[in-house]
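Below: the structure, in structure tokens.
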Amino acid sequence: MGVFWGHKKKNELILVFNIGSSSVDGALFETQRSGIPKIIFSIQTLIKVEKKIDVDHFLLSTIKSLEVVANKIYQKGLGAPSQIFCVLSSPWYVSQTRIINFKKNTPFLFTEKLADELVKKEIKLFEEKHMLKYSNSNNTFRVIELKTIKMTLNGYETSEFLNKKTKELEITVFISISWEQVLKKIERAIGKYFYFKQIKFSSFVLSFFTITRDMYLKQGNFLLVDIGGEVTDISMVKKNNLRESVSFPLGCNFLTRGVATGLGCALSEADSFISLFRDGHAEESIAKKLALILNKLRTQWLNKFQNSLTNLSNDISIPSTIYIVIDKDLVNFFSETIKTEQISQYTLTESKFEVIFLNTELLRGIVAFKENVFCEPSLIIDSIYINRFLIKTP
């Protein structure tokens, strides 16, 4: 089972949706044999921020935003896509990198059948773990990704492992699953405008990891931080392998709610105050209050970030280079917050944190745009990742 299946067609028109916790983004792009996709149309619809998060209402708002995006792409009349991909960000999927160990006293033949049995067993264990976690839900899970990251036979890493004799094998696999109820709602929403027998799902963390790794091959060890509306995801990469991921439920909307509560104003007003403060245009009295509120919120988020790094490390040193994906308006706030972190970067890393924002400018060399088209970094990353697998780029 692969992430995507390769195709020999040239210059296909592909439709991709990125569904996160702050917005739903959609784009049409043409595949290119050069490995550089050409984005011809892009659109974003924000998910309304609520004072309190209700899971069912949040899902409903997300699906409504998806329908708006799908409808606007359909209305553009730019052609029928040959395939549709849907990339999920937190909290719409769960994933884990799992290590499968298998050994015998005498040499055995590692066959495709044995590989399938071992991986299916691991998937079942992973699903059971999350079924216990969500025991109050009658919802079932669907595997959306299964990617072999690393394979070793008798302690040696290899890319040619089938039908080889060995006494010991280790398979590192990346598995991601999503709730069947969520996936069906997404499929129905897109199906109102684009009919497809199969919409291919994947996780943002895998495309984020793959593109960042290939852009910075010499880096080897780094952290990936994706700060969405409601969730912050942190993933650790060691020796260019995706090792572990952890999340905590504080994202950009945490600031909006905190400012709204602190100033006693509406959520929409809170966003305006944050923008004015960021640009240095807030009235002096408001600016003083905002500074106190934001510093308190900064500390709360930073405490969660520190705890997550501690849980992530498991006695392994934390990389000091961090690649971040976030709304460009808040990148300075969170980047500076991470740099002020006083625990992990002085006890678990070799140097102070270096934060690199993967913005459109950094990605411009590996993506092309139709004139006057703008695209969010996360959607650019998805498009590059999908394009690579469709044209079988090495």
Side-chain angles (χ1 to χ4, degrees), residues 18-25 44-66 68-69 88-94 182 204 225-234 246-309 311 324-341 355 357 376-378:
N18 184 296
I19 301 177
S21 60
S22 60
S23 68
V24 175
D25 300 57
Q44 179 185 72
T45 296
L46 298 178
I47 299 169
K48 186 180 178 182
V49 183
E50 302 289 350
K51 285 187 177 181
K52 292 184 179 180
I53 300 176
D54 176 84
V55 175
D56 293 333
H57 192 266
F58 182 41
L59 176 58
L60 179 62
S61 296
T62 302
I63 296 300
K64 284 182 177 178
S65 295
L66 174 60
V68 170
V69 171
L88 306 179
S89 294
S90 288
W92 306 121
Y93 76 97
V94 289
V182 171
F204 178 67
V225 177
D226 176 19
I227 306 176
E230 304 296 347
V231 183
T232 294
D233 291 325
I234 308 171
V246 66
S247 302
F248 60 90
L250 295 181
C252 299
N253 295 343
F254 165 70
L255 299 183
T256 302
R257 294 190 185 96
V259 169
T261 300
L263 294 180
C265 64
L267 294 171
S268 57
E269 290 179 300
D271 278 333
S272 297
F273 283 130
I274 292 172
S275 295
L276 289 170
F277 182 79
R278 183 189 66 237
D279 297 336
H281 296 150
E283 292 181 8
E284 186 176 351
S285 59
I286 295 293
K288 288 181 179 179
K289 291 180 181 179
L290 280 169
L292 292 173
I293 294 169
L294 289 172
N295 282 336
K296 184 179 179 181
L297 296 172
R298 185 194 301 271
T299 300
Q300 291 179 40
W301 187 90
L302 189 58
N303 286 337
K304 291 288 187 181
F305 182 76
Q306 290 171 334
N307 290 337
S308 297
L309 291 183
N311 293 332
I324 186 171
V325 170
I326 187 177
D327 183 328
K328 64 181 184 300
D329 291 336
L330 291 172
V331 66
N332 287 336
F333 176 88
F334 283 100
S335 293
E336 292 306 314
T337 299
I338 291 171
K339 289 175 184 177
T340 64
E341 197 269 349
V355 181
F357 172 42
E376 293 294 329
S378 58

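Positions are given from 1 along the sequence.
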### Message
So which atom in L267 and which in E50 form the shortest heavy-atom distance, rounded to 0.1 Å?
### Response
CD1-C, 3.7 Å
### Message
Please report whether the ring centroid of W92 lies less than 6.0 Å from that of F204.
### Response
no
### Task
Write out all pairs satisfying ring-ring contact (aromatic ring centres under 6.0 Å, His included) with one or both partners inside residues 257-302, taking only residues at least two apart or from two chains.
F248-W301, W301-F305, W301-F334
### Gap between atom CD1 of I274 and atom CG of D279 - 0.5 Å precision
12.0 Å
### Query
How about V355 and K339: do any of their side-chain heavy atoms sit closer than 4.5 Å?
yes
### Task
Indicate yes or no: at least one non-hydrogen side-chain atom of V225 is less than 4.5 angstrom from one of D233.
no
#### Entry: Non-hydrogen atoms of S21 and P91 that approach each other most closely
CB-CD, 3.8 Å
### Task
Answer yes or no: is there a side-chain heavy-atom contact under 4.5 Å between Q306 and L302?
yes
### Query
If you look at every heavy atom in S90 and S247, which pair is closest and at what distance?
OG-OG, 4.2 Å
### Query
Which is it for C252 and I326 under the side-chain contact (heavy atoms from CB on, under 4.5 Å) test, yes or no, and what are the steps along the way?
CA-CA 9 Å; C252 299; I326 187 177; 3.9 Å; yes
### Query
What distance do I63 atom CD1 and L59 atom CG have between them, rounded to the nearest 0.5 Å?
5.0 Å
#### Entry: Rounded distance (nearest 0.5 Å) linking atom CD1 of I227 with atom OG of S89
13.0 Å
### Message
Is the positively charged end of R298 above the ring of F333, judged by distance under 6.0 angstrom from the centroid and angle within 45° of the axis?
### Response
yes
#### Entry: Passing option when T299 is tested against L297, N295, N303 for side chain to side chain contact (heavy atoms under 4.5 Å, CB included)
N303
### Task
Would you indicate whether the side-chain heavy atoms of F357 and K328 approach each other to under 4.5 Å?
yes
### Query
Are the side chain of T340 and the backbone N or O of T337 linked by a donor-acceptor pair below 3.5 Å?
yes
### Query
More than 12 non-hydrogen atoms from neighbouring residues, nucleotides or ligands closer than 6.0 Å to CD on Q300, yes or no?
yes
### Query
What's the spacing between S23 OG and E376 CD if we round to 0.5 Å?
7.0 Å
#### Entry: For the student: nearest non-hydrogen atoms of G20 and T62, plus distance
O-CG2, 4.5 Å
### Task
Evaluate the criterion salt bridge (charged side-chain N to carboxylate O under 4.0 Å, His left out) for residue pair E284 and K289; output intermediate values, then yes/no.
CA-CA 9 Å; E284 186 176 351; K289 291 180 181 179; over 6 Å; no
### Query
Shortest non-hydrogen contact from I234 to S308?
CD1-CB, 3.8 Å
### Side chain to side chain, F58 and I47, heavy atoms closer than 4.5 Å
yes
### Task
Measure the shortest side-chain to side-chain distance between I293 and L263 over non-hydrogen atoms and say whether it is less than 4.5 angstrom.
yes
### Task
Could you pull out the closest heavy-atom pair between L250 and T232, with the gap in Å?
O-OG1, 2.6 Å
## Note on the structure
d(K51 NZ, R257 CZ) to nearest 0.5 Å is 11.5 Å
### Message
When you measure from the side chain of D54 to the backbone of H57, do you find a donor-acceptor pair of N or O atoms at a distance under 3.5 Å?
### Response
yes
## Note on the structure
To the nearest 0.5 Å, atom CG of D327 lies from atom CD of Q44 at 7.5 Å
